[in-house]
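Side chains included, hydrogens not; waters and symmetry mates left out as well; all remaining heavy atoms used.
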Amino acid sequence: MSLENASKRIKPLDPQLVNRIAAGEIIQRPFNALKELIENCLDAGSTSINIQIKEGGLKLIQISDNGCGINKEDLKIVCERFTTSKLKEFEDLKSINTFGFRGEALASISHVSRLTIITKTQDSPCAFKAMYSDGKLAKDGIKPCAAASRGTQIIVEDLFYNSSIRRNALKGGSDEFAKIYEVVSRYAIHNYHVGFYLKRIGESSMDLKTPGCSIRSVENENYLQDVIGILYGADMKKELERISVEYDDRLKFEMLAYMTNSRYTQLKQLTFVLFINERLVDCQPIKKSLQNLFQMYLPKSTNPFIYMNLKIDPKNLDVNIHPTKHEVRFLYQDEIISRIEKSFEEKLLDSSTSRSYYVKNLTLDTFIGESQKSQKKSDSQDSEGAKAPIYPYQLTRVDSKERKLDSFLHQTSLNDSIKVINRTKASSQDKCKSMLRGQDFERSFNFKSLNELRENVEKNSSKNLKQVMGDLNFVGCIERELALIQYQTGLYILNTRLLSEELFYQICLFNFGNFGYFNLSEPLDLFDLAIMALNDPRTEWTEEDGPKEKLAKRCAKFLYSKSALLDDYFSIKVTKRVDSEGENKYYLEALPMLIEDYEPDLVDLPLFVIRLATEVEWPNEKECFDSISKEIGYFYAIKNLKYEQDTHNFEENSSQNNDKMNESWMIEHVLYKAFVNMLLPSEENEQQTIFKLVDLSKLCVSCSYFKFFIA
């Protein structure tokens, strides 16, 4: 036999080399080591897991728990391969319910790092410390040490110190920590009953901290949602939907899941957290199926968050197909995936019927085209170039100590403790907010009729009045419908009612189909609202019109027939229910949220309902959109309401006093802020909207009521 052939003879590998090869398959990166250690903590029944990391886990991984601990006798072999407390024979794999079962995790870690274990059981008088290398106990043996409570602490130092190629191939500490954070966060979501603490050594604050709870149960699932909110933000938490599939006797599975609905569009990549029989795994068929489903419901380039807890009969599950136990296979896979996909689709369809939209800033740019913005900029530059000198008596007072009309008029019960905020032109941070479909996405409608209505608003806007609105100082409310403002050195009265009516009309057009909901505390019967409206003299009902009850029923039924249009385009939700006698009842459940912090007064709601049914030009698209928007504008507009005439002794009624205070604040800081930033004032209503009271620069009266207007 030649020397060359002799070198190719088959021979057994050195056991230490075998162990290091196996360790390299299981512990590929620091997060793999931490994952194995977390699973050991959970198998030990821990309710608190504290993790400290240094240099992305390459220098140090320290994990402490309050689990059952490790017996002193077991410390001798705990880091040897294939030593486990969870498996005795092959048949046990069919009913395995723990994370680990092969007994390779600690052995693999000890072959690529310097490993220390400190542990204490409930019955042990003290803790014991042991150090390991290459799966063997160090020469120092097992030493007793002080420990106050039950549990185990494992310290992994200098990971891959004996594998320079692997260590050099890894990314930097920040990238490795990002993977560690991802793994810990996923276990924290699924095990929301356990308190997780993650911190980088050298940092002053925790990177992750979850509260934990007494037990994982349906009643405590709010803790699961809280953990998701902690990890991914409150916006995601608000848009979570619960999905469940009850136990199927034939397929031997059940499922609980949480997903973000179709309104949440902030994720650019799919976040899929899958646990099968308590094990964090990956299942590409399930993942691909849900990805394809969500593509039908989400805008392009956006993805959902999905957490899924799938429980399958252990006899139908094969967990032993990957060295890291990261993948599993199970029987009836196609049928189970089909059931899962169906349950997700049903929830997506349900969530699409109600909208609770995110806040997004609206500015004047929303309402004007690029050409108008360019022209506006050009006009502004021209005016600045020809600006005349300003004399002291022409200055507008903007002192932070200025006083508003409210502080002088106690007899109107406007609370003089309202904080004064200077009413200068709003900065970009102060732009008025409106409720839209999402922060990065709003629906767009290219209806010819809608575009014509918008162009008509822009064409008929008053440049002069817009200039006044853009640089006014709010002085105070004369009444609900009238307000006093200062522009330059002029004192003006503005008709708040007409301005607000025009504002809400324009919002209906320019934010068409993208409103949030005001959900009524309880649905209102449209029949009752119609009866109330017909009893109102303003509807001018006569006996020739027919019986009120018949008209009210017809009105309610007609509005329900238009419910799809009203809901989709204007967020007016009308529903049908069948009462105990089998008769159809129609209800109003929600109204559109046009701007944040403003709610319409429901006194005129009956009139709004009857006018929707009788005054809207339903057959013609353009006239339909226009008349619905006008009716909404009229209903939402601020008005001097009839019930105010019967209100007396305001100063003696604290609740009415507070209402007045809140109302005054709302008019100044919500409505007038919206006027400044969103409204294109109508040229047709200019004469009815603004009235100049006096030119302050020519006023020579030294009355204390007017001193504060002039610098």
Side-chain angles (χ1 to χ4, degrees), residues 189 221-222 224-244 256-273 287 289-308 340-362 366 432-446 507-508 510-520 523 563-575 589-599:
I189 291 171
E221 279 185 22
N222 59 301
L224 187 154
Q225 299 176 49
D226 290 341
V227 171
I228 295 174
I230 290 169
L231 297 172
Y232 296 97
D235 288 344
M236 177 183 287
K237 178 185 173 183
K238 290 187 292 187
E239 301 299 344
L240 290 173
E241 302 282 353
R242 186 182 189 273
I243 310 166
S244 63
L256 168 68
Y258 277 86
M259 70 169 192
T260 49
N261 54 38
S262 57
R263 300 186 295 268
Y264 189 81
T265 58
Q266 298 182 53
L267 286 179
K268 300 306 178 185
Q269 292 183 340
L270 171 67
T271 301
F272 185 43
V273 181
K287 185 177 181 180
S289 172
L290 294 178
Q291 274 184 317
N292 293 336
L293 174 65
F294 274 87
Q295 284 177 358
M296 300 166 55
Y297 292 91
L298 293 185
K300 188 177 180 181
S301 301
T302 60
N303 286 280
F305 165 89
I306 301 171
Y307 158 71
M308 184 183 299
I340 291 171
E341 184 178 343
K342 181 180 178 182
S343 65
F344 271 77
E345 185 167 22
E346 289 174 353
K347 182 59 69 172
L348 280 169
L349 290 170
D350 289 342
S351 66
S352 297
T353 61
S354 65
R355 288 168 282 168
S356 179
Y357 302 145
Y358 289 103
V359 173
K360 181 176 180 179
N361 289 338
L362 279 186
T366 310
C432 184
K433 293 179 178 178
S434 180
M435 301 303 288
L436 297 181
R437 177 169 287 268
Q439 291 184 334
D440 300 315
F441 168 76
E442 65 175 288
R443 295 195 299 171
S444 177
F445 298 89
N446 194 27
I507 290 176
C508 286
F510 288 99
N511 199 19
F512 186 87
N514 288 286
F515 310 116
Y517 283 122
F518 274 129
N519 290 309
L520 302 175
S563 60
L565 181 149
L566 291 171
D567 186 10
D568 195 34
Y569 295 155
F570 298 98
S571 294
I572 299 173
K573 185 182 289 186
V574 177
T575 59
E589 291 191 356
L591 294 168
M593 180 179 288
L594 302 184
I595 55 176
E596 195 180 25
D597 295 328
Y598 182 86
E599 300 178 12

Exam field: side chain Asn292 to backbone Leu290, donor-acceptor pair closer than 3.5 Å: no
Counterpart residues, side-chain hydrogen bond (donor to acceptor under 3.5 Å, both in side chains), relative to Asn446 (two or more places apart): Asn451
Could you work out, with side-chain hydrogen bond (donor to acceptor under 3.5 Å, both in side chains) as the rule, every residue matching Gln291, not counting sequence neighbours? none
What pairs with Ser244 under side-chain hydrogen bond (donor to acceptor under 3.5 Å, both in side chains), at least two apart in sequence or on another chain? none
I'd like to know whether the aromatic ring centres of Tyr307 and Phe272 sit less than 6.0 Å apart in this structure. no
Ignoring hydrogens and geometry, is there a side-chain-to-backbone donor-acceptor pair from Asn303 to Lys268 under 3.5 Å? yes
Residues at least two apart in sequence or cross-chain that pass ring pair (Phe, Tyr, Trp, His ring centres under 6.0 Å) with Phe305, listed by chain then number, are Tyr232
Run the ring pair (Phe, Tyr, Trp, His ring centres under 6.0 Å) test against Tyr598 and tell me which residues pass, sequence neighbours left out. Phe504
Pairing residues for Glu341 by the side-chain hydrogen bond (donor to acceptor under 3.5 Å, both in side chains) criterion, not counting sequence neighbours: Ser289
Which residues share a side-chain contact (heavy atoms from CB on, under 4.5 Å) with Ser301, sequence neighbours left out: none
side-chain contact (heavy atoms from CB on, under 4.5 Å) partners of Ala590, counting only residues at least two apart: Tyr517, Asn519, Lys573
Set of side-chain contact (heavy atoms from CB on, under 4.5 Å) partners for Ile230, sequence neighbours left out: Pro211
Angle class for the Tyr569/Phe445 ring planes (parallel below 30°, perpendicular above 60°, tilted otherwise)? perpendicular
